[in-house]
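Written below as structure tokens is the structure these notes are about.
Remember, it's a predicted structure, so these values are computed and weren't measured experimentally. Position 1 is the first residue of the sequence; numbering continues from there.
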Amino acid sequence: MAESAVCPAFQLGRPRYDQSFFLGRFRHFVDIIDPRTLFISETHLKECVALLDHFKNGTLPPGTTDQQLWEAQKVKQAIIHPDTGQKIFMPFRMSGYVPFGTPIVVGLLLPNQTLASTVFWQWLNQSHNACVNYANRNATKPTPTSRFIQGYLGAVTSAVSIAVGLNVLIEKSRTFNPATRLIIQRFVPFPAVASANICNVALMRHNELSEGIDVLDSNGNVVGSSRIAAKHALMETAFTRVVLPLPIFVLPPIIMAFLEKRPLLQAHRWLMLPVHSLVCLAVFGLSLPLAISLFPQMSEIQASHLEPEIAMATDCKVLTYNKGL
């Protein structure tokens with residue numbers, strides 16, 4: 001009885017927390033990006049998969065708790081791709097996004113960037129994002145590799161061109177003194193990364209605007225393919241990808257500008273990089289689940305707001321669609 005009050009009854013393939021509320025979505029995504037799952041052994045992974053198979057077949061060992069089942073599902077979902085059944089390469093798992101992405105964020109925010117270093121860090125960031133997107137792609141419908149390459153090249157081109165362009169404009173500006181110029185240059189990565197994220201979404205998923213995406217009724221049955229729902233999904237995804245880098249690339253420069261004036265860092269300049277890295281890690285770790293929790297993974301839309309043929313094909317007033325990440 002005490003356990004049921006703390007831990008909900010296990011449901012295979014369903015989120016543990018209520019996705020209709022922001023806090024529930026936040027706790028769900030904190031589980032998904034939990035870096036501790038990176039250290040799960042092969043033996044433990046097989047035990048988790050076997051436990052879930054026992055649940056599915058109705059052959060659970062006596063004494064198995066809901067908590068154990070939720071933990072087993074968390075481990076399996078963190079490591080194994082749901083469509084291919086294959087292990088996702090560790091650096092490209094969602095649980096590895098913060099620990100493997102933080103060094104790149106630190107590099108992007110380093111002061112006194114040269115043209116070469118700006119290009120390198122923007123390229124590395126978009127390459128890492130592209131690998132994460134591909135590793136966690138929806139593999140139920142085959143997607144041409146050319147589409148991923150197109151999205152990758154578009155993102156790299158937009159990120160590099162905006163970052164380099166802004167840095168050149170700031171360098172040539174006579175309005176700012178050297179100290180002010182240095183502070184402003186620290187904020188350049190945000191517009192570059194945000195625009196690249198939007199470009200990546202547009203290039204990778206533009207076909208959805210013409211073909212539509214599946215909308216489901218309350219029983220999970222496909223009612224039809226809606227271009228209107230696709231537009232909503234792309235707008236929500238693009239908004240999320242603009243919000244995500246905002247705190248990551250804006251807060252650390254502000255925090256570091258304050259900390260760099262403290263006596264400790266003034267006396268021990270070698271602490272600058274370690275402190276900067278810890279600040280980036282903390283902000284990145286908090287910002288990621290907050291940003292991707294803004295909208296439910298399965299979003300709702302009024303049937304009356306969709307195409308007439310879809311609205312007439314169901315009695316449900318509210319339909320759902322997968323917005324993507």
Inset, instruction - State, yes or no, whether a side-chain contact exists between D31 and Y17 at a heavy-atom distance under 4.5 Å. - result: yes
Inset, instruction - Would you please say whether a donor-acceptor pair under 3.5 Å links the side chains of S117 and T114? - result: yes
Inset, instruction - Find out whether D217 and L319 are in side-chain contact, i.e. whether some heavy atom of one side chain is under 4.5 Å from a heavy atom of the other. - result: yes
Legend entry - Pairwise side-chain contact, I310 with I228, heavy-atom cut-off 4.5 Å (strictly under): no
Inset, instruction - Heavy atoms only: give me the nearest A233-I213 pair and the separation to one decimal. - result: CB-CD1, 3.9 Å
Inset, instruction - Answer yes or no: is there a donor N or O on one side and an acceptor on the other, between the side chain of N125 and the main chain of W121, under 3.5 Å? - result: no
Legend entry - Same apolar cluster (I L V M F W Y, side chains within < 4.5 Å links), Y321/F295: no
Legend entry - Trace of the side chain to side chain contact (heavy atoms under 4.5 Å, CB included) decision for L281 with V98: CA-CA 7 Å; L281 178 62; V98 171; 3.7 Å; yes
Inset, instruction - Mark yes when over 12 heavy atoms from residues, nucleotides or ligands other than F100 sit less than 6.0 Å from its CZ; otherwise mark no. - result: yes
Legend entry - Any donor-acceptor N/O pair, Q113 side chain to G107 backbone, under 3.5 Å: yes
Legend entry - Distance-only side-chain donor-acceptor flag, S195 / S158, under 3.5 Å: no
Inset, instruction - Determine, step by step, whether V318 and I301 satisfy the side chain to side chain contact (heavy atoms under 4.5 Å, CB included) criterion, reporting the C-alpha distance in whole Å, the side-chain angles of both residues, the deciding distance to 0.1 Å, and the verdict. - result: CA-CA 6 Å; V318 178; I301 190 169; over 6 Å; no
Inset, instruction - Measure the OG1-CG distance between T237 and N197 for me, rounded to the nearest 0.5 Å. - result: 11.5 Å
Inset, instruction - Nearest 0.5 Å please: distance from the CD atom of Q302 over to the SG atom of C316. - result: 11.5 Å
Legend entry - Side chain Q266, main chain E260, donor-acceptor under 3.5 Å: yes
Legend entry - Pairs involving residues 49-63, ordered by first then second residue, that meet side-chain hydrogen bond (donor to acceptor under 3.5 Å, both in side chains) (sequence neighbours left out): H54-T59
Legend entry - L69 side chain reached by L60 side chain, heavy atoms, under 4.5 Å: yes
Legend entry - ILVMFWY cluster, V243 and V132 together (side-chain gap under 4.5 Å): no
Inset, instruction - Salt-bridge test for K76 and E47: reply yes if a basic N is under 4.0 Å from a carboxylate O, no otherwise. - result: no
Legend entry - Stepwise side chain to side chain contact (heavy atoms under 4.5 Å, CB included) test for T37 and Q77: CA-CA 10 Å; T37 59; Q77 290 179 341; over 6 Å; no
Legend entry - Any side-chain heavy-atom pair of Q67 and R16 under 4.5 Å: yes
Inset, instruction - Would you please indicate if the ring centroids of F187 and F190 are separated by under 6.0 Å? - result: no
Legend entry - Heavy-atom check, side chain of R241 versus side chain of I198, under 4.5 Å: no
Inset, instruction - Give me the other members of the hydrophobic cluster that L265 sits in, counting Ile, Leu, Val, Met, Phe, Trp and Tyr linked by side-chain heavy atoms under 4.5 Å, directly or via other members. - result: L251, I255, M256, F258, L259, L264, W270, L271, M272, V275, V279, V283
Inset, instruction - Could you state whether F92 and L38 fall into the same hydrophobic cluster, counting links through intermediate Ile, Leu, Val, Met, Phe, Trp or Tyr residues with side-chain heavy atoms under 4.5 angstrom apart? - result: no
Legend entry - Minimum side-chain heavy-atom gap L109-F249 below 4.5 Å: yes
Inset, instruction - Given ring pair (Phe, Tyr, Trp, His ring centres under 6.0 Å), test Y97 with F284 step by step and report yes or no. - result: CA-CA 9 Å; Y97 195 53; F284 196 179; 5.6 Å; yes
Inset, instruction - Check the pair D18, L23 against side chain to side chain contact (heavy atoms under 4.5 Å, CB included), reporting the backbone distance first and the verdict last. - result: CA-CA 8 Å; D18 187 353; L23 183 59; over 6 Å; no
Inset, instruction - Give the minimum heavy-atom separation between P289 and V30, together with the two atoms involved. - result: CB-CG2, 3.9 Å
Inset, instruction - Kindly assign one of parallel, tilted or perpendicular to the pair F10 and W70, based on the angle between their ring planes and the thresholds 30° and 60°. - result: perpendicular
Inset, instruction - Mind listing the closest non-hydrogen atom pair of L51 and Q68 along with its distance? - result: CD2-O, 4.0 Å
Inset, instruction - Measure the CD-CZ distance between Q19 and F26 for me, rounded to the nearest 0.5 Å. - result: 13.0 Å
Inset, instruction - Report yes or no: do L246 and F22 belong to one cluster of Ile/Leu/Val/Met/Phe/Trp/Tyr joined by side chain heavy-atom distances under 4.5 Å? - result: no
Inset, instruction - Kindly compute the distance separating CZ (F120) from OG (S127), expressed to the nearest 0.5 Å. - result: 9.0 Å
Legend entry - Greater than 12 external heavy atoms within 6.0 Å of R14's CZ: no
Legend entry - Hphob cluster co-occupancy, V119 + V105, side-chain heavy atoms under 4.5 angstrom: yes
Legend entry - Euclidean distance, L216 CG relative to E300 CD, rounded to 0.5 Å: 11.5 Å
Legend entry - E211-S225 side chain donor-acceptor pair, cut-off 3.5 Å: no
Inset, instruction - Indicate yes or no: at least one non-hydrogen side-chain atom of I32 is less than 4.5 angstrom from one of I292. - result: no
Inset, instruction - Please check if the side chain of R93 supplies one atom and the backbone of I88 the other of a donor-acceptor pair under 3.5 Å. - result: yes
Legend entry - Nearest heavy-atom neighbours spanning A192 and A159: CB-O, 3.5 Å
Legend entry - Verdict with reasoning, S226 to E307, per side chain to side chain donor-acceptor pair (under 3.5 Å): CA-CA 7 Å; S226 170; E307 292 85 348; 2.8 Å; yes
Legend entry - Least distance between heavy atoms, A155 atom then Q126 atom: CB-OE1, 3.4 Å
Legend entry - Lys/Arg N to Asp/Glu carboxylate O, D34 vs K74, below 4.0 Å: yes
Legend entry - R227 (side chain) donor-acceptor with G212 (main chain) under 3.5 angstrom: no
Inset, instruction - State the CD1-CD1 distance between I248 and I104, to the nearest 0.5 angstrom. - result: 11.5 Å
Legend entry - Shortest non-hydrogen separation from L244 to S287 and the atoms involved: CD1-O, 3.9 Å
